[in-house]
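Throughout, protein chains are lettered first and strands after them, A, B, ... in sequence-line order, and every chain is numbered starting at 1. Keep in mind that the numbers below use all heavy atoms, side chains included, and drop hydrogens, waters and symmetry copies.
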Number of protein chains: 2
Amino acid sequence: MNNIAPANGPLQAHSLTNLAQNEIERMILGGQFMPGERINENALANQLGISRGPVREACRSLSAMGLVQLVPNRGVFIRVISEEEAREVYEMRAGIFGYAGMLLAHHIDDTQLAYLKRLVGQMEAAAQANDFDRYYAPNLTFHDFLVSATGNQRLLATYHDLVRQLHLFRSRGLVSGDGMLDSNREHRDIVAALEARNPQRAFKAMAGHVEAGQRRALGGAAKHSLATSRGKSFDHLEPYS
Amino acid sequence: MNNIAPANGPLQAHSLTNLAQNEIERMILGGQFMPGERINENALANQLGISRGPVREACRSLSAMGLVQLVPNRGVFIRVISEEEAREVYEMRAGIFGYAGMLLAHHIDDTQLAYLKRLVGQMEAAAQANDFDRYYAPNLTFHDFLVSATGNQRLLATYHDLVRQLHLFRSRGLVSGDGMLDSNREHRDIVAALEARNPQRAFKAMAGHVEAGQRRALGGAAKHSLATSRGKSFDHLEPYS
DNA sequence: CGACTGAATATTGTTGACAGTTTACGGCAG
DNA sequence: CTGCCGTAAACTGTCAACAATATTCAGTCG
């Protein structure tokens, strides 16, 4: 009997379960399923031309990923992210993103910095033209690169999870190009902090950027945690430079 | 048709799938399954007195949680955490734990501080008696409390995931009571930083504590990332107090 | 007219069987 | 004795049917 670990092949190929999982994920993120809505296993299976087994397995996986919620004997529901929970996600994302900056400040190289600067340049052009469509892609790449450049796969995976959950939250409510110029100014701050190889400043810049994004998306004041209205803002850490 | 979100009942009750999931998880963490070993769906289903369906669904869930790895047409394998990956997990755990401290420093109250101090006292007694069994529980509670007291459920969940993956890594290799006194000295530092309501110092104390634990578990030098041999150590942040 | 009751329906939970793939075994050539 | 090849066994992937539970709706009583 072969009980040895598998070679490091592709984690999962194209099985019906994966097909279903990808499809459901796409539907959720694409707005085909609205938060709170139930997924009808039968209907979906028919629609995909497969049987319920793979669909159920896919839903189990998505549940562990936090995209759907399983309720016994009632079915699977598209996860509802309350504003309160969105705040949690933002808080955590700020921490993850800031920590990524902290790690990155240790070993970022000039090539990577140049790449980031080029992205910032692209975003600046798009922002000044008020062209959100052209802003979107480099913005995504910028954030993604910052986390993936840490080399820590788990950090990246967790970051992606959080981003996906936020997509879930503001599905349909996304105010597109609001504050692109402000946002890109923060991007420049981030690059500057990394170029200075200053971990603490990088943390502050990057965590602060997420918080600013939260404020742009959710609106200013926090409803709970009244002691720290405008977010934690990380100003207590120490002045810039 | 009722498409409204479910009431916030227990996320999942006792279905066979959950039974299987809990059982597998228990077996993995309890050392019944060794990393790299394959789970035989049929055998396990028989052993649990259920059919393969629920077992497969449970495995999908565990895969998304990172406890097992699915290989198409070959089966599910207990996740193998390489030393390299363990380093990743430690790195991330340091960030999460440190960030928890940062958040906690904002709003920790005296009751919570008193509780932490009591736990430290219990651990001190156990450490001086070199009694690891008595050290273990309060130690677990201490760490858990620090993260859960942030009030951020996702942070806590992610932290638990990381801890579980580390259990997976050092299953069987766990050197029990090594360095209890050192460890508890760091605990005191953590409490002191929180009592001072100093977020940065709390971050450093708590992230540093995880790093120290990593050094205690994995041994001193990092094999990669040669520039930062003894870990990042967070000493660049600023001198204590 | 509105709230309750109970059957009918829809949907999820679970099972056993079948198809496709991988793994193990045994014979055979060198 | 060793390595290759073909067949048999084992196992995973998928499906369709059955059981258990929840939901809907019509009818009835107050």
Side-chain angles (χ1 to χ4, degrees), chain A residues 1-24 27-28 33-34 36-64 67-79, chain B residues 1-24 27-28 33-34 36-64 67-79:
Chain A
M1 211 181 290
N2 178 6
N3 275 2
I4 311 304
N8 208 356
L11 268 76
Q12 282 157 229
H14 35 68
S15 65
L16 293 190
T17 302
N18 290 312
L19 167 76
Q21 181 171 337
N22 294 334
E23 201 59 19
I24 296 171
M27 279 171 159
I28 293 175
F33 282 132
M34 291 304 280
E37 192 177 336
R38 204 187 88 244
I39 294 182
N40 187 322
E41 294 177 2
N42 246 315
L44 183 59
N46 286 346
Q47 185 180 329
L48 296 177
I50 61 181
S51 87
R52 276 177 54 219
V55 171
R56 285 180 61 86
E57 289 184 18
C59 287
R60 273 280 165 179
S61 199
L62 292 169
S63 170
L67 276 183
V68 303
Q69 186 182 358
L70 267 50
V71 181
N73 290 320
R74 299 248 342 251
V76 309
F77 295 79
I78 310 299
R79 179 73 177 280
Chain B
M1 213 182 291
N2 181 7
N3 275 3
I4 310 304
N8 209 357
L11 268 75
Q12 285 159 226
H14 36 67
S15 64
L16 293 189
T17 301
N18 290 312
L19 167 76
Q21 182 170 337
N22 294 335
E23 201 58 19
I24 296 172
M27 280 172 161
I28 294 176
F33 283 132
M34 291 304 279
E37 194 178 335
R38 204 188 87 244
I39 295 182
N40 187 324
E41 294 176 2
N42 245 317
L44 183 59
N46 287 346
Q47 186 181 328
L48 296 178
I50 62 182
S51 84
R52 277 177 54 218
V55 172
R56 285 180 60 86
E57 289 183 18
C59 288
R60 273 321 268 214
S61 200
L62 291 169
S63 169
L67 276 183
V68 302
Q69 186 182 358
L70 268 50
V71 180
N73 289 321
R74 300 243 347 245
V76 308
F77 295 78
I78 311 299
R79 179 74 177 277

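If you measure from atom CZ of A:Arg74 to atom C1' of D:dA22, you get 8 Å, rounded to the nearest angstrom. Atom CZ in B:Phe77 sits roughly 9 Å away from atom P in D:dT12 (whole-Å rounding). Separating the CG atom of B:Leu48 from the C1' atom of C:dT15 is a distance of 15 Å, rounded to the nearest angstrom. Computed from coordinates, the A:Leu70 CG to C:dT14 P distance equals 12 Å when rounded to whole Å. D:dC11 atom P lies 14 Å from atom CD1 of B:Ile39, rounded to whole Å. Rounded to a whole Å, the CG atom of B:Leu16 is 11 Å from the P atom of C:dG13. Taking atom CD1 of A:Ile50 as the reference point, atom P of D:dG13 lies 14 Å away to the nearest angstrom. When rounded to the nearest whole Å, the span between CG of A:Asn18 and C1' of D:dG13 equals 12 Å.
For the pair B:Arg52 and C:dA17, the criterion of a side-chain N or O lying under 4.0 Å from OP1 or OP2 is not met. For the OP1/OP2 pair of D:dC11 and a distance below 4.0 Å, the side-chain nitrogens and oxygens of B:Asn40 include at least one atom meeting the criterion. Close to C:dG13, at under 4.0 Å from its OP1 or OP2, lies no side-chain N or O of B:Thr17. An OP1 or OP2 oxygen of C:dT23 is reached within less than 4.0 angstrom by no side-chain nitrogen or oxygen of B:Arg38.
Pairs engaging residues 45-54 of chain A under the salt bridge (charged side-chain N to carboxylate O under 4.0 Å, His left out) rule: A:Glu41-A:Arg52 [sequence neighbours left out].
Within the 4.5 Å cutoff, the side chain of B:Ile28 has heavy atoms near those of the B:Val68 side chain. Within the 4.5 Å cutoff, the side chain of A:Ile78 has no heavy atoms near those of the A:Met34 side chain. Looking at heavy atoms from C-beta onward, A:Leu70 lies in side-chain contact with A:Arg60 at the 4.5 angstrom threshold.
Here the side chain of A:Asn73 is nearest to one of D:dT21, D:dT12, C:dT14, namely D:dT21.
With hydrogens and angles disregarded, no donor-acceptor distance shorter than 3.5 Å links the side chain of B:Asn18 to the backbone of B:His14.
Looking at heavy-atom distances under 4.0 Å, B:Gly53 makes contact with a base. Counting non-hydrogen atoms under 4.0 angstrom, A:Asn42 reaches a base of the nucleic acid.
Nearer to the 5' terminus of DNA chain D, by closest-nucleotide assignment, is the contact made by B:Glu41 (compared with the other of B:Glu41 and A:Pro54).
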